[in-house]
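The sequence lines fix the lettering, A, B, ..., with proteins before strands; numbering per chain opens at 1.
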Amino acid sequence: MTKADQKATTRAFARQLTPSQQKAVFHVDGPLLVIAGPGSGKTRVITYRIAALIDSGVRPHNICAITFTNKAAEEMRQRAAALGASAGAHISTFHSLCVRILRQYASHADISSNFSIYDAADQSRCIKEAIKLCDLDTTNFAPVRMLEAISTLKNKLLDVDTFAQQTDDYFSKTLAKIYARYQHILKENNALDFDDLLMNAALLLENCADVCSRLSSRFKFLLIDEYQDTNHAQYRIVKALASQHNNICATGDPDQSIYRWRGADIRNILAFEHDWPDATIVKLEENFRSTPNILAVADNLIARNENRKQKRLIATRHTGRDVTVNAFENENQEANGVAQKIGELLKADTAHSDVAVFYRVNAQSRALEESLIKSKIPYQIVRGVEFYSRKEIRDMLAYLKVLANPSDEIALLRIINTPTRGIGKTTIDRVRDYAARNNIGCFVALKRAPQISSLSNAPKSRIAAFLKMMEGLTKHSSGKVTPLAEEVFVESGLEGVLKAQGAEGKNAIENINELISATVQYDEQAEEPSLIDYLQQISLFSDADAYDPACGRVALMTLHTAKGLEFDNVFIVGVEEGLLPHERSADNGDETEEERRLFFVGITRAKNNLNISCARYRTIRGQFLRTIPSQFLFELGLDFSEAAFQSAILNNQSSVINNQLSPRFRRGDLVAHKKFGPGTVKEFTDMGENSIVVVEFNSGQTTSLRVKYARLSKM
DNA sequence: CATAGCCGCCTTTTT
DNA sequence: GGCGGCTATG
């Protein structure tokens with residue numbers, strides 16, 4: 001694309017923007033905060049700002065854009081490329097950026113660049129080991145709780161030494177010990193957990209002036225999407241990276257903050273003006289996505305949050321169907337109802353990719369799957385990490401991890417006897433014991449097996465065979481990953497064992513073949529393919545990354561995963577007390593507000609058609625329980641009272657109660673009528689489904705209408 | 001040393 | 001309801 005073409009493209013884009021969006025994209029120098037509601041095009045603002053910056057002569061190399069998921073980064077790269085913004089801008093997630101920084105400046109951060117990234121399962125093993133080594137038991141010090149506590153510390157950038165200095169009570173002193181042990185284990189394995197990536201990068205930037213000045217002078221323009229969900233460590237990274245040029249552009253929506261539980265700090269966005277005093281603030285309140293009915297429901301709901309800055313949702317679209325709320329007998333009926341409705345949509349020529357079902361917890365997907373299978377509706381469960389947690393995939397990756405990072409004992413212990421090769425617990429214990437006494441790693445100890453006196457000849461020769469096999473694999477371990485992966489599958493013996501299992505191993509083989517296809521893609525797409533880079537990249541793979549809009553299937557995902565996406569037709573299921581809001585958030589006002597925001601995010605994903613449902617009975621953890629409709633259902637401003645809804649559910653013996661609901665109106669509401677056009681509500685008489693509304697239309701005519709028939713939409 | 005079977009544990013959301 | 005870890009047995 002020539003320079004002139006680029007300018008033309010940018011101008012064409014500018015014409016589609018509202019004046020405030022134009023200002024946000026083109027006219028601001030210095031810090032900029034874009035507070036933008038759902039469907040207002042805030043991600044687009046960032047994309048076009050990148051294009052506009054490059055257009056005005058900024059080198060792509062000097063731009064750094066940070067997104068929330070890899071998928072979002074990938075999309076932004078493609079869109080920027082389509083606008084003529086040539087490659088070279090750094091566009092990635094916080095975690096990927098940190099991996100890059102840590103690998104480049106590994107020596108400054110006192111780590112080696114081939115570090116493994118530990119996921120929840122690896123972390124769990126390490127923390128259990130740490131608690132054991134501290135002579136504590138896991139009943140009083142639950143591993144998960146300890147990991148949570150350590151995660152919180154890391155997000156606050158409190159490293160082991162800093163935290164140890166500020167402990168006073170028994171619990172925090174003990175936590176400090178476990179924390180130290182845990183970090184020691186990670187260090188021995190040459191591994192970092194997710195929080196380490198952020199903490200180490202932040203501390204590196206803050207403590208190493210040289211690195212900080214190099215990176216902050218490179219990134220003349222910093223753009224961050226979903227700023228409301230950044231945590232404190234990410235905030236400090238941003239502060240450091242922006243320190244030279246102060247050209248930070250953040251976009252976000254406090255009403256869509258749904259990761260507080262993970263350390264996201266809403267104060268980051270609320271205090272932006274304080275952090276960057278000369279910041280320009282642009283508010284985008286127009287919504288280009290959803291129908292007025294959907295927005296009215298979303299607006300009514302989110303208005304219930306007390307801890308919130310007032311913001312409007314202004315519809316730019318004028319027509320739309322009603323929002324429906326359905327109550328079903330149980331979760332299976334609910335799933336059938338959803339499948340049936342989806343079937344009707346598909347019959348009416350809706351594309352599969354225009355339909356999505358959202359739920360609060362992953363376990364809810366099972367009932368939906370069964371119904372969709374029965375109805376022969378193809379679906380995809382958007383759960384990227386699931387693939388990588390399968391046993392056979394973890395086995396394959398463990399081989400690769402050991403080859404990339406021989407210090408990774410979690411991976412080594414996983415594969416040393418998988419498939420079984422006669423190196424059992426006793427042998428492993430003896431090797432580990434030897435390693436501990438000689439202060440060396442497990443892998444090194446294996447190499448010295450002939451000298452380990454406690455081992456007899458048989459295990460020694462088995463260990464030698466294992467080492468020889470690994471040695472053979474090292475030959476393929478540089479450059480492209482695919483040849484190595486193929487070799488690992490065969491040489492490790494995994495292929496042989498799975499093939500011998502016949503039908504049972506078939507699925508596992510298919511999965512491994514899928515893994516190998518993925519490495520082919522990696523080899524093609526990576527600038528410089530390497531095993532270390534590949535492993536680090538897939539460690540940061542997220543659920544949302546697995547979403548493939550082009551696969552021609554209905555999408556099923558959690559409300560959290562739905563963030564940032566949009567669909568014509570949205571189903572939100574299980575809107576019941578205990579599920580949404582989740583029981584773990586009960587008795588906590590702040591957490592209930594977060595659940596409300598989560599529901600708000602789900603609702604505002606819908607472009608045209610929103611179907612909300614709940615079930616009277618639900619099986620939870622194997623128990624068949626009576627449910628209570630979610631309080632949120634009565635906050636949508638829809639035309640039913642709690643009492644009426646409850647009695648409708650109670651009295652109706654049939655399996656489905658279908659409430660086709662129309663909105664309530666208030667005096668002063670702006671509405672649109674199909675025939676009479678826009679107008680203002682003068683009066684509203686609430687009589688359930690017989691409600692009457694008096695509207696003064698802009699034509700001057702005032703009319704009394706039955707809400708049921710008038711099909712008025714809120715503007 | 002391998003395997004099967006049983007018991008007890010956890011169980012929200014995720015980079 | 002599902003998984004990991006432990007134990008008993010071959």
Item to check | Listed nucleotide nearest any side-chain atom of A:H582, set B:dT12, B:dT15, B:dC1 | outcome: B:dT12
Checklist entry - If you check every side-chain atom of A:F194, which of B:dT15, B:dT13, B:dC1 has the closest atom? => result B:dT15
Next on the checklist: Can you list everything that forms a side chain to side chain contact (heavy atoms under 4.5 Å, CB included) with A:A335? Sequence neighbours excluded, please.
Outcome noted: A:A367, A:L368, A:S371
Next on the checklist: Using the side-chain hydrogen bond (donor to acceptor under 3.5 Å, both in side chains) criterion, which residues pair with A:E206? Sequence neighbours excluded.
Outcome noted: A:R236
Next on the checklist: Over all strands shown, is A:R366 touching base, sugar-phosphate only, or nothing at heavy-atom distances under 4.0 angstrom?
Outcome noted: sugar-phosphate
Checklist entry - Between atom CG in A:L192 and atom C1' in B:dT15, what is the gap in whole Å? => result 14 Å
Donor-acceptor contacts under 3.5 Å from residues 419-431 of chain A side chains, at least two apart:
| from | atom 1 | to | atom 2 | distance (Å) |
| --- | --- | --- | --- | --- |
| A:R421 | NH1 | A:I415 | O | 2.8 |
| A:R421 | NH1 | A:I416 | O | 2.9 |
| A:R421 | NH2 | A:Y399 | OH | 2.9 |
| A:R421 | NH2 | A:S492 | O | 3.1 |
| A:K425 | NZ | A:D429 | OD2 | 3.1 |

Would you list the atom pairs, donor with acceptor, under 3.5 Å between side chains in residues 123-131 of chain A and any protein atom, with sequence neighbours excluded?
| from | atom 1 | to | atom 2 | distance (Å) |
| --- | --- | --- | --- | --- |
| A:Q123 | NE2 | A:Y182 | OH | 3.3 |
| A:Q123 | NE2 | A:D193 | OD2 | 3.3 |

Checklist entry - Between A:D429 (CG) and B:dC1 (P), how many Å, whole number? => result 10 Å
Checklist entry - Can you check side-chain contact (heavy atoms from CB on, under 4.5 Å) on A:L455 and A:I463, steps first, answer last? => result CA-CA 10 Å; A:L455 292 176; A:I463 288 172; 4.0 Å; yes
Next on the checklist: Protein within reach of the bases, or only the backbone? For nucleotides 3-10 of chain C, mark each nucleotide 5' to 3' as B, S or -, using heavy atoms under 4.0 Å.
Outcome noted: --------
Next on the checklist: Tell me every residue that passes side chain to side chain contact (heavy atoms under 4.5 Å, CB included) with A:K506, counting only those two or more places apart in sequence or in another chain.
Outcome noted: A:E510
Checklist entry - What residues form a side chain to side chain contact (heavy atoms under 4.5 Å, CB included) with A:A149, not counting sequence neighbours? => result A:L175
Return the polar atom pairs (N/O with N/O) between nucleotides 2-5 of chain B and the protein under 3.5 Å, or none.
| from | atom 1 | to | atom 2 | distance (Å) |
| --- | --- | --- | --- | --- |
| B:dA2 | OP1 | A:G422 | N | 2.9 |
| B:dA2 | OP2 | A:N417 | ND2 | 3.3 |

Item to check | Residues that A:H232 engages under ring pair (Phe, Tyr, Trp, His ring centres under 6.0 Å), provided they are two or more places apart | outcome: A:Y235
Checklist entry - Ion pair present between A:E369 and A:R366, side-chain N to carboxylate O less than 4.0 angstrom? => result no
Item to check | A:R267: partners by side-chain hydrogen bond (donor to acceptor under 3.5 Å, both in side chains), with sequence neighbours left out | outcome: A:D265
Checklist outcome for this item: Winner on side-chain proximity to A:V361, out of B:dC1, B:dT12, B:dT14, is B:dT12
Check nucleotides 7-11 of chain B against the protein and report each pair of N or O atoms closer than 3.5 Å, with its distance, or say if there are none.
none

Checklist entry - Taking only residues two or more places apart in sequence, or in another chain, which ones meet A:L515 in a side chain to side chain contact (heavy atoms under 4.5 Å, CB included)? => result A:F387, A:Y388, A:I393, A:M396, A:L397, A:Y534
